[in-house]
Amino acid sequence: MRRRISYANVAATLALVLSMSGGALAANHYLISSTKQISPKVLKKLRGKAGKNGSNGKNGTNGTNGTNGTNGKEGPQGKEGVAGTAGAEGNPHTTRWRTTVASAGVSEAEPATVELAKVGPFTVTGHCYESGADTESATYISTSETGSFAQGYSGEGSQEPLTAGEDFQISTDTARGVSATHEANFHSPDDGSWAATTADGSLSLNGFASEGVWLQGESGPACSFSGFLVTE
């Protein structure tokens, strides 16, 4: 008897055919897991053209400003400069004075004194003292260096080297006035000078000095001094 063709038989037959053809397809295809399995020429053709550049991104926000550094502490005050030395040769230094002594000392050996100038080892002083009934004033010089020399305009002076601490009168004369009547008297250097030099000759000076007594009368002061010296 002829079998009847049913839907189930058709489906089963079709399934068998598809399964057989799928196996054949699988047998002729390969699974690619790396670009190394592809020829470079083929791989080059597979690459697409570069796309257009993307638009620029938005600008980032500005960073915050740094804080200012703190100010450093003020440095210590510098030390006070020392007094300048006497001018070098060709650049003399001048020292001037004008001062007074209110009351006279009891004698020439114990005078009232005032420092007029100090240069190197030399100190110039004014001496004011009573001498009998008179008041007298004179200008002196001393040195802290034994062996220095000094001389007044009159030619009288230290023919021998001075001794340190020795007072030497460099004003040729003294100003003299009667103490009781406060007699005024003024003595100038008579257009002459006095001079001094150190033992080694590294410092020398020339000066002029004037002295007076009772120039302002009874109200005083007893003695007045003025003058200058030039240091070489």
Seminar exercise, completed: Sorted by chain and residue number, the side chain to side chain donor-acceptor pair (under 3.5 Å) partners of Ser137 (sequence neighbours excluded) come out as none

Seminar exercise, completed: Sorted by chain and number, sequence neighbours left out, side chain to side chain donor-acceptor pair (under 3.5 Å) with Glu145 holds for Ser148

Problem set entry | Nearest-0.5 Å distance, CD of residue Glu108 to CD of residue Gln169 | 7.0 Å

Listed pairs under 3.5 Å, donor-acceptor, residues 115-126 side chains, sequence neighbours left out:
residue, atom, partner, partner atom, Å
Lys118, NZ, Thr123, OG1, 3.1
Thr125, OG1, His127, NE2, 3.3

Problem set entry | Note, Glu130 side chain near Ser179 side chain (heavy atom, < 4.5 Å) | yes

Exercise. Can you check whether Glu166's main-chain N or O pairs, donor with acceptor, with Thr163's side chain at less than 3.5 Å?
Worked result: no

Seminar exercise, completed: One should read off an interatomic distance between Ser144 OG and Leu162 CG, to the nearest 0.5 angstrom, of 11.0 Å

Problem set entry | Inter-residue atom distance Ile141.CD1 - Ile170.CD1, 0.5 Å rounding | 4.5 Å

Exercise. Which ILVMFWY residues can you reach from Val106 by hopping between side chains whose heavy atoms are under 4.5 Å apart?
Worked result: none

Exercise. Does Ser103 have any side chain to side chain contact (heavy atoms under 4.5 Å, CB included) partners at least two apart in sequence or in another chain, and if so, which?
Worked result: none

Problem set entry | Nearest heavy-atom neighbours spanning Phe208 and Trp97 | O-CZ2, 3.8 Å

Problem set entry | side chain to side chain donor-acceptor pair (under 3.5 Å) partners for Ser131, two or more places apart | Glu136

Exercise. Which heavy atom of His187 sits nearest a heavy atom of Asp173, and at what distance?
Worked result: NE2-CB, 3.3 Å

For this session: For residues Leu203 and Glu232, report the shortest heavy-atom separation together with the two atoms involved.
Result: CD1-O, 3.8 Å

Check: residues 212-227 side-chain donor-acceptor pairs under 3.5 Å, at least two apart:
residue, atom, partner, partner atom, Å
Trp214, NE1, Thr135, OG1, 3.2
Ser219, OG, Gln216, O, 3.1

For this session: List, by chain and then residue number, the residues other than Val178 in its hydrophobic cluster (Ile/Leu/Val/Met/Phe/Trp/Tyr, side-chain heavy atoms under 4.5 Å); write none if there are no others.
Result: none

For this session: Would you indicate whether the side-chain heavy atoms of Tyr129 and Ser107 approach each other to under 4.5 Å?
Result: no

Problem set entry | Steps toward ring-ring contact (aromatic ring centres under 6.0 Å, His included) verdict (Phe168, Tyr140) | CA-CA 5 Å; Phe168 172 72; Tyr140 284 71; 8.2 Å; no

Seminar exercise, completed: For Thr146 and Ala164, the nearest pair of non-hydrogen atoms, with its separation, is OG1-N, 3.0 Å

Exercise. Counting distance only, does the side-chain N/O of Ser171 pair as donor-acceptor with the main-chain N or O of Thr139 below 3.5 Å?
Worked result: yes

For this session: Indicate yes or no for a side-chain donor-acceptor contact from Thr197 to the backbone of Gly201 under 3.5 Å, with no hydrogens or angles considered.
Result: no

